[in-house]
Amino acid sequence: MFSVRRRGVARLAAATVVSGLVAAGAIAVAGPAMADEGVQNSGGANATLGRLAIHDTVTIEESDGEKWNAEAGLFEMAVRPGGAIQTYCIDLRTPARKGTEYKEVGWDQSSLHNNPNAGKIRWILQNSFPQVNDLAALAKKVGAGKLTEDTAAAGTQAAIWHFSDKVEATPADADAQKLTEYLEKEAKNLEEPGASLTLDPPSVAGHPGERLGPITVSTNASKAALSLAPGAPAGVKIVDKDGKAVESAADGAKIFFDVPAGAADASATLNVQADTTVPIGRAFVSETRSQTLILAGTSTSTVTAKATATWAKKGAIPALSAEKNCAKGGVDITASNKGDEPFTFELKGQKVTIAPGESKTVTIPVAEDQAYEFDITGPNGFEKTFKGVLDCKTATPGTPSEQPSPQPSAATTGGTSGGGDLAETGSSNATPMIAGIAVALVVVGGGAVFFLRKKKAAGE
């Protein structure tokens with residue numbers, strides 16, 4: 001017999017509503033203002049999940065003594081628009097779906113937000129494969145005979161799961177076991193790594209004839225390129241604190257939208273792009289149901305961010321942004337008003353008024369795994385929508401079964417469990433029965449990669 005361990009019916013709804021979306025806000029200003037139909041990006045690397053490329057088998061032992069096998073190792077991911085990264089899993093019991101879009105986030109927006117051992121996971125990443133690629137030296141250091149890429153990846157993943165999911169994971173390979181034991185024993189808490197690229201705030205507002213901002217650029221790149229998105233009104237420029245037009249910015253730079261006097265009520269979008277290496281230990285999350293990942297290896301990658309500006313001659317002039325708040329179990333909506341009249345909006349039963357010149361942050365409670373969609377409207381056709389899924393916790397034993405995603409995807413319909421062509425950490429080795437079920441799901445449009453684990457409880 002076998003069981004399909006899944007995460008909850010709520011995850012099906014989440015995957016259905018927001019499949020392919022990034023936690024984001026899309027802004028549209030009607031009337032004389034321009035419309036930005038793109039997705040607001042909080043900044044950093046955006047990547048597509050590929051195959052589980054380097055892996056071996058480990059045995060997971062639950063707190064109740066139940067044991068099951070999992071494929072453990074490194075995922076390949078393609079960074080958009082350029083670059084490649086490798087990641088380990090930090091959410092063992094949640095499926096990983098090939099072709100899923102991920103975004104780089106801070107620990108506070110992931111399952112690491114309340115994990116006291118998050119820093120130990122970063123230490124493991126920096127002191128094991130693939131950051132340490134001299135496997136002979138690594139084997140000698142941990143008292144092992146020989147490590148291959150597959151066994152080193154499995155041994156490293158097993159140690160990470162010990163701290164991310166609170167399980168005992170034992171590699172099938174004896175030398176990999178020694179690596180796991182060494183990493184778990186020696187791990188020390190390190191600080192969270194900084195972001196590759198962020199803009200703060202991602203939304204500003206004001207009057208024509210003013211410099212709207214400042215927007216602070218934070219990046220580990222030597223510089224980031226700045227450009228206005230197509231369709232920006234004539235005369236709008238990106239300038240520094242001295243009012244000089246700029247086309248690039250370094251870490252810590254403060255930049256502004258310079259809007260000419262007399263400009264009609266409108267909005268504009270700033271695109272920021274940099275080539276850099278994303279810091280090891282950054283978390284990657286998806287807005288569909290796919291396990292949370294953590295960066296283990298990287299090439300030089302292109303990272304991006306966006307900021308928007310809205311201006312008007314009179315009335316309320318709002319600027320809004322949203323960010324997940326895992327500590328409070330919700331989404332923070334930050335609203336400011338640079339106009340001369342109050343800005344009032346209602347959201348989830350809360351009526352919020354922002355006086356001229358004020359700024360407020362309101363936390364909207366959202367259930368774990370719950371899809372959300374917040375629409376906020378304002379004067380002159382102002383409208384902003386924030387969509388996403390709150391995923392702040394690792395799955396635990398005994399949670400309700402998760403349904404396979406109903407969204408068909410060609411990216412998830414190839415490969416076998418043994419060949420590593422599917423994203424499958426946490427899954428057992430496939431049997432003919434499991435393979436038949438997977439094929440049937442593809443035929444009816446399921447097309448999703450899901451975890452299959454053998455359950456060895458008495459009576460099955």
Side-chain angles (χ1 to χ4, degrees), residues 22-27 29 33-34 36 38-46 103-106 109 194-233 235-260 263 265-276 302-312 317-323 332-339 343 354 357-361 378 382 384 386:
V22 176
I27 182 171
V29 181
M34 64 169 286
D36 178 4
V39 176
Q40 187 182 47
N41 180 356
S42 60
N46 293 274
K103 62 177 292 188
E104 173 194 346
V105 299
Q109 296 186 62
S196 61
L197 175 65
T198 58
L199 301 177
D200 185 30
S203 182
V204 294
H207 297 92
E210 298 177 345
R211 294 204 294 265
L212 311 186
I215 298 170
T216 302
V217 178
S218 297
T219 181
N220 65 345
S222 58
K223 65 178 181 179
L226 313 174
S227 64
L228 286 169
V236 176
K237 298 182 294 184
I238 302 301
V239 300
D240 62 14
K241 60 184 179 61
D242 298 319
K244 180 183 177 181
V246 291
E247 296 181 348
S248 66
D251 180 53
K254 296 185 182 301
I255 56 177
F256 302 77
F257 286 83
D258 187 3
V259 181
D265 297 358
S267 68
T269 298
L270 166 67
N271 292 327
V272 183
Q273 182 171 297
D275 292 327
T276 187
T302 301
V303 296
T304 59
K306 294 180 183 291
T308 59
T310 304
W311 59 89
I317 312 175
L320 290 97
S321 61
E323 186 174 80
D332 285 344
I333 305 293
T334 299
S336 63
N337 179 11
K338 296 296 184 179
F343 170 54
I354 312 296
E358 285 190 350
S359 178
K360 289 183 180 179
T361 297
F382 177 91
K384 203 160 190 178
F386 299 102

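Heads up: numbering here begins at 1 and tracks the sequence. Here the structure is a predicted model, which means the values were calculated and not measured.
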Report summary line: Phe386 and Ala322 have their tightest heavy-atom pair at CD2-CB, 3.2 Å

Query raised in the report: Is the shortest heavy-atom distance from the side chain of Asp251 to the side chain of Ser218 under 4.5 Å?
Result: yes

Report summary line: Of all heavy-atom pairs linking Val204 and Phe257, the shortest is CG2-CD1, 4.0 Å

Side-chain donor/acceptor pairs under 3.5 Å, residues 241-248, sequence neighbours excluded:
none

Query raised in the report: Residues in side chain to side chain contact (heavy atoms under 4.5 Å, CB included) with Ala319, at least two apart?
Result: Ser203, Ala205, Ser336

Requested in this report: Kindly say whether Ser196 contributes a backbone atom to a donor-acceptor pair with the side chain of Thr219 at under 3.5 angstrom?
Outcome: yes

Report task. Could you grab the distance from atom NZ of Lys254 to atom CG of Asp240, nearest 0.5 Å is fine? Result -> 12.5 Å

Report task. For residues Ser267 and Thr310, report the shortest heavy-atom separation together with the two atoms involved. Result -> CB-OG1, 3.9 Å

Requested in this report: Begin with the C-alpha distance, continue with both residues' side-chain angles, and end with the deciding distance and a verdict on side-chain contact (heavy atoms from CB on, under 4.5 Å) for Thr334 and Leu320.
Outcome: CA-CA 6 Å; Thr334 299; Leu320 290 97; over 6 Å; no

Query - Distance (rounded to the nearest 0.5 Å) between Ile238 CD1 and Arg211 CZ - result: 12.0 Å

Query raised in the report: Asn337 side chain to Ile354 main-chain N or O, any donor-acceptor pair under 3.5 Å?
Result: yes

Query raised in the report: Run the side-chain contact (heavy atoms from CB on, under 4.5 Å) check on Asn271 and Thr304 step by step: do they pass?
Result: CA-CA 7 Å; Asn271 292 327; Thr304 59; over 6 Å; no

Requested in this report: Rounded to the nearest 0.5 Å, what's the gap from NZ on Lys223 to CD on Gln273? Could you check?
Outcome: 12.5 Å

**Report entry** Distance in Å, Thr198 OG1 paired with Asn220 CG, rounded so as to fall on 0.5 Å steps
**Finding:** 10.0 Å

Query raised in the report: Any chance the side chains of Thr361 and Asp332 put a donor and an acceptor closer than 3.5 Å?
Result: no

**Report entry** Side chain proximity check, Leu228 to Val236, heavy atoms < 4.5 angstrom
**Finding:** yes

Query raised in the report: Side chains of Lys338 and Leu212: closer than 4.5 Å at any heavy-atom pair?
Result: no

Query raised in the report: Looking only at heavy atoms, what is the nearest atom pair of Leu197 and Ala224, with distance?
Result: CD1-CB, 4.4 Å

Query - Closest heavy-atom pair and its distance - Ala263, Pro208 - result: O-CG, 3.4 Å

Query raised in the report: With side chains defined as the heavy atoms from C-beta onward, is the minimum distance between Val217 and Leu199 less than 4.5 Å?
Result: yes

Query raised in the report: Can you name the closest pair of heavy atoms from Trp311 and Pro233 and give their distance?
Result: CZ2-CG, 3.7 Å

